[in-house]
Amino acid sequence: MTPFLLLIDDHPLFRSGLRLVLERDLPGIGIIEAGTLAEALAHQGTPPSLLLLDIQLPGLNGLNGLALLQKQWPAVPVIVLSSQTDPATVRRALASGASAFIPKTDSPERIIHATQCALAGTLKVATLSAPPAAASRLTARQLQVLELLCQGLSNKLIGRQMGLSENTVRGHVQAILSCLGVCSRSEAMFVAQRDRLVG
């Protein structure tokens with residue numbers, strides 16, 4: 001059966017752009033769009049393979065609607081896509097059952113990667129149960145990078161502060177994501193704070 005995504009966002013332009021990216025990089029994927037939670041919940045028939053959910057929606061917002069989505073489709077993972085990236089919002093989304101939280105400012109590659117992880121069934125486990133020994137597998141330099149990453153600094157600013165090239169920082173970030181078993185910087189921040197890997 002062809003997997004399909006249910007994309008819930010009230011901005012038609014964002015939905016159209018994301019749809020083009022997804023269809024380009026995930027050939028054969030089906031995509032259904034909804035502008036509100038009510039519209040999404042009205043979907044009948046085969047359950048979607050994945051929900052891509054914005055937080056700021058007219059009517060019931062995405063965070064408050066997560067429980068309704070999970071009640072209707074308990075086995076379907078939810079990736080939250082939002083321009084609200086403060087740690088409290090990220091924590092609330094993940095604590096409410098989202099499998100991942102991705103800022104809308106993240107690169108298309110990160111969104112595609114998280115989508116692939118979710119469709120493969122690996123995203124939720126990776127997000128919610130990072131290995132407890134993760135800190136022991138991170139080098140001292142990687143822990144420094146993680147600390148600055150959790151302060152919201154870009155690769156360029158981390159590099160400037162640590163005297164490293166942007167490419168070197170990018171390599172450290174990828175190693176950190178792999179070690180923590182996550183797909184995005186936001187998830188790494190959540191796991192780092194949850195497991196007290198940073199001060």
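For the numbers below, each heavy atom of this structure counts, side chains included, while hydrogens, waters and symmetry mates do not. From a predicted model like this one, the values you see are computed outputs, not experimental measurements.
Without hydrogens or angle criteria, R15 side chain to L7 main chain gives no donor-acceptor distance under 3.5 Å. Between the side chain of S99 and the backbone N or O of I79 there is no donor-acceptor pair closer than 3.5 Å. Between the side chain of Q174 and the backbone N or O of R170, no donor-acceptor pair lies under 3.5 Å. Formation of a donor-acceptor pair under 3.5 Å by the Q84 side chain with backbone atoms of T89 is not found in this model. At least one donor-acceptor pair closer than 3.5 Å links the side chain of Q72 to the backbone N or O of L41. Proximity of a side-chain donor or acceptor of S16 to a complementary backbone N or O of P12 within less than 3.5 Å is detected. Checked by atom type and distance alone, the side chain of E147 never pairs as donor or acceptor with a backbone atom of Q144 at under 3.5 Å.
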Show your working on side chain to side chain contact (heavy atoms under 4.5 Å, CB included) between I176 and L138 and close with a plain yes or no. CA-CA 7 Å; I176 289 166; L138 290 171; 4.0 Å; yes
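Within a 6.0 Å sphere centred on NE2 of H43, other residues, nucleotides and ligands contribute more than 12 heavy atoms.
Just one of T168, L148, L164 meets the side chain to side chain contact (heavy atoms under 4.5 Å, CB included) condition when paired with I158; it is L148. Remark: of the listed residues I55, D54, L18, D54 is the sole one forming a side chain to side chain contact (heavy atoms under 4.5 Å, CB included) with K104.
Contact check for L119 versus L5: side-chain heavy atoms found under the 4.5 Å cut-off. I32 has its side chain within reach of F4: a pair of non-hydrogen atoms, C-beta onward, lies under 4.5 Å apart. Inter-residue side-chain proximity for W73 and L6 is flagged as met; some heavy-atom pair is nearer than 4.5 Å.
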